[in-house]
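See structure below.
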Amino acid sequence: MQVPARFEYERADSVPHALELLARYGPEARIVAGGHSLIPMMKLRLAQPEALIDINGLAELGRIAVEGDELAIGALVRHTELLDSTTATDLFPIFRDAERVIADPIVRNRGTVGGSLCQGDPSEDLSAVFSALRARAVIQGAGGQRTVPIRDFHHGPYETAVGPGELLVQLRVPVTAGTGSAYEKVERRVGDWPVAAAGAVVTVRDGVLARAGIGLTAVGAEHFCAPEAESYLEGRPPGGEAFAEAGRIAAEHCDPHADQRGPADYKRHLAAELTRRALVRAAGRI
């Protein structure tokens, strides 16, 4: 029988209230929204928080809106809400590509964008997506808000920049004209964690790549990105040869590990090919 250890439960009615509860219960308190990662870990007693703070009632964290030259996505936005948001997916089709292949409808209906990122799983899809998009994470604590580039958000497997007493409240994505995006994933079965996956975001000006973003997951890419491949692309005309070489460079700088999903060489091959495919699709969507 899988039974969690004893814990306290509180339901927050505002962001300040959630922060107050975090301060009251201390570093062993955990935030719960969708709970699809946390609850199974608690049932196996891999996680034993002393208190759960439920933030499902915080409507202010569930907004998707364009604010100035950025797309703002609240941390409590459900996967299905992001998938259905034309505000987000018309600007960045990469969201539609990725959300369609995350888990299943049950998980997507309750799981949240912020929860996925804060879990910090090395095979998490949205971490690669937001890395490719060069998003910024807005974190709130008792002293106010601070902003962290998403590429500095993950400190390692299951470790993030969100400190004790803090709450991820929003993701902000820069909106730039002449930009296309796409996500490619290989999985063993529908809704599974990826064997490997790649996201691409490209901006073209005057016939050349002004900026490129490449996100990788499940292949040991540091901070879920491929900066060497991005640097190679910038200033070059978009095209198959350049995209194939960027894929090769991205794979070269990965560090995949063999596991039940496949050997390391296979994952490295996928990193190269999926990066190429994502770049081709992204450029075709500009």
Side-chain angles (χ1 to χ4, degrees), residues 34 36-38 40-41 46 79 82-83 94-104 107-108 111-135 137 150-160 171 181-201 212-230 243-244 246-282:
H36 289 291
S37 297
L38 178 59
M41 292 177 69
L46 297 174
H79 292 295
L82 184 56
L83 176 60
I94 191 172
F95 287 129
R96 185 184 303 113
D97 295 343
E99 289 290 7
R100 282 175 172 169
V101 294
I102 289 177
D104 54 43
V107 171
R108 291 197 293 267
T112 64
V113 171
S116 292
L117 293 175
C118 288
Q119 174 68 6
D121 193 292
S123 297
E124 210 282 311
D125 290 284
L126 288 187
S127 297
V129 169
F130 281 106
S131 181
L133 290 165
R134 288 187 168 87
I150 201 67
R151 295 186 176 190
D152 296 328
F153 183 78
H154 293 100
H155 293 172
Y158 309 103
E159 297 180 7
T160 74
L171 286 308
S181 61
Y183 191 71
E184 297 280 348
K185 175 178 177 177
V186 168
E187 54 197 339
R188 295 181 302 173
R189 56 184 179 273
V190 174
D192 194 7
W193 293 104
V195 177
V201 181
I214 298 172
L216 295 167
T217 192
V219 291
E222 190 172 1
H223 301 301
F224 296 93
C225 60
E228 297 85 2
E230 295 166 348
F243 293 156
R248 187 196 66 78
I249 295 170
E252 180 183 350
H253 288 87
C254 289
D255 186 24
H257 297 283
D259 59 17
Q260 71 273 21
R261 293 185 174 88
D265 287 348
Y266 174 55
K267 294 182 179 183
R268 194 180 300 278
H269 164 75
L270 286 178
E273 178 60 18
L274 295 179
T275 297
R276 184 194 69 78
R277 292 183 191 179
L279 286 165
V280 169
R281 287 183 69 198

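Sequence positions, counted from 1, serve as the residue numbers for this chain. Worth knowing before you read on, the calculation uses all heavy atoms, side chains too, and leaves out hydrogens, waters and symmetry mates. Quantities reported herein were computed from a predicted structural model and do not represent experimental measurements.
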Inset, instruction - Can you see which heavy atom on Thr160 is nearest to which on His154, and at what distance? - result: CG2-CD2, 4.0 Å
Legend entry - Residue pair Leu171, Leu133: steps toward the side chain to side chain contact (heavy atoms under 4.5 Å, CB included) verdict: CA-CA 11 Å; Leu171 286 308; Leu133 290 165; over 6 Å; no
Inset, instruction - Report yes if the side chains of Val186 and Leu274 come closer than 4.5 Å at any heavy-atom pair, otherwise no. - result: yes
Inset, instruction - Verify the neighbour count for atom CG of Asp104: are there more than 12 heavy atoms of other residues, nucleotides or ligands below 6.0 Å? - result: yes
Inset, instruction - Side-chain contact test, heavy atoms from C-beta onward, threshold under 4.5 Å: evaluate it for Leu126 versus His79 and give yes or no. - result: yes
Inset, instruction - Could you tell me whether the side chain of Thr217 and the main chain of Glu124 form a donor-acceptor pair under 3.5 Å? - result: yes
Inset, instruction - Say whether, by atom type as modelled, one donor and one acceptor occur between the side chain of Ser131 and the main chain of His223 under 3.5 angstrom. - result: yes
Legend entry - Spacing of Lys185 atom NZ and Ser123 atom OG [to the nearest 0.5 Å]: 9.5 Å
Inset, instruction - Taking all non-hydrogen atoms of both residues into account, name the closest pair between Cys118 and Phe153 and its distance. - result: SG-CZ, 4.1 Å
Inset, instruction - Check whether any side-chain N or O of Thr275 sits under 3.5 Å from a backbone N or O of Ala271 as a donor-acceptor pair, and report yes or no. - result: yes
Legend entry - Other residues, nucleotides, ligands: >12 heavy atoms within 6.0 Å of Glu228 CD: yes
Inset, instruction - Taking all heavy atoms of Gly34 and all of Thr112, pick out the closest pair and write down the distance. - result: N-CG2, 4.2 Å
Inset, instruction - Could you pull out all residues at least two apart from Arg248 that satisfy side chain to side chain contact (heavy atoms under 4.5 Å, CB included)? - result: Glu245, Glu252
Inset, instruction - Mind checking the CZ-CZ spacing from Arg108 to Arg100? Nearest 0.5 Å is all I need. - result: 10.0 Å
Inset, instruction - Please check if the side chain of Arg276 supplies one atom and the backbone of Phe243 the other of a donor-acceptor pair under 3.5 Å. - result: no
Legend entry - For Phe95, all residues meeting ring-ring contact (aromatic ring centres under 6.0 Å, His included), sequence neighbours excluded: Phe130
Inset, instruction - Determine, step by step, whether Gln119 and Leu38 satisfy the side chain to side chain contact (heavy atoms under 4.5 Å, CB included) criterion, reporting the C-alpha distance in whole Å, the side-chain angles of both residues, the deciding distance to 0.1 Å, and the verdict. - result: CA-CA 8 Å; Gln119 174 68 6; Leu38 178 59; 5.7 Å; no
Legend entry - Atom of Pro194, atom of Ala218 and distance for their closest heavy-atom approach: O-CB, 3.5 Å
Legend entry - Taking every non-hydrogen atom, the tightest pair across Asp97 and Ser181: OD2-O, 4.4 Å
Inset, instruction - Quick one: do Asp121 and Ser37 satisfy side chain to side chain contact (heavy atoms under 4.5 Å, CB included)? Show the steps, please. - result: CA-CA 10 Å; Asp121 193 292; Ser37 297; over 6 Å; no
Inset, instruction - Evaluate side chain to side chain contact (heavy atoms under 4.5 Å, CB included) for Val129 paired with Glu99, printing each intermediate quantity in order. - result: CA-CA 10 Å; Val129 169; Glu99 289 290 7; over 6 Å; no
Legend entry - Lys267 side chain to His257 backbone, donor-acceptor under 3.5 Å: yes
Inset, instruction - Locate the shortest heavy-atom distance separating Ala278 from Glu184; write the atom from each residue and the value. - result: N-CG, 3.7 Å
Inset, instruction - Report yes or no: does Arg188 contribute a side-chain atom to a donor-acceptor pair with the main-chain N or O of Val195 at less than 3.5 Å? - result: no
Legend entry - Minimum side-chain heavy-atom gap Asp192-Arg261 below 4.5 Å: yes
Inset, instruction - Measure the CG-CD1 distance between Asp125 and Ile94 for me, rounded to the nearest 0.5 Å. - result: 10.5 Å
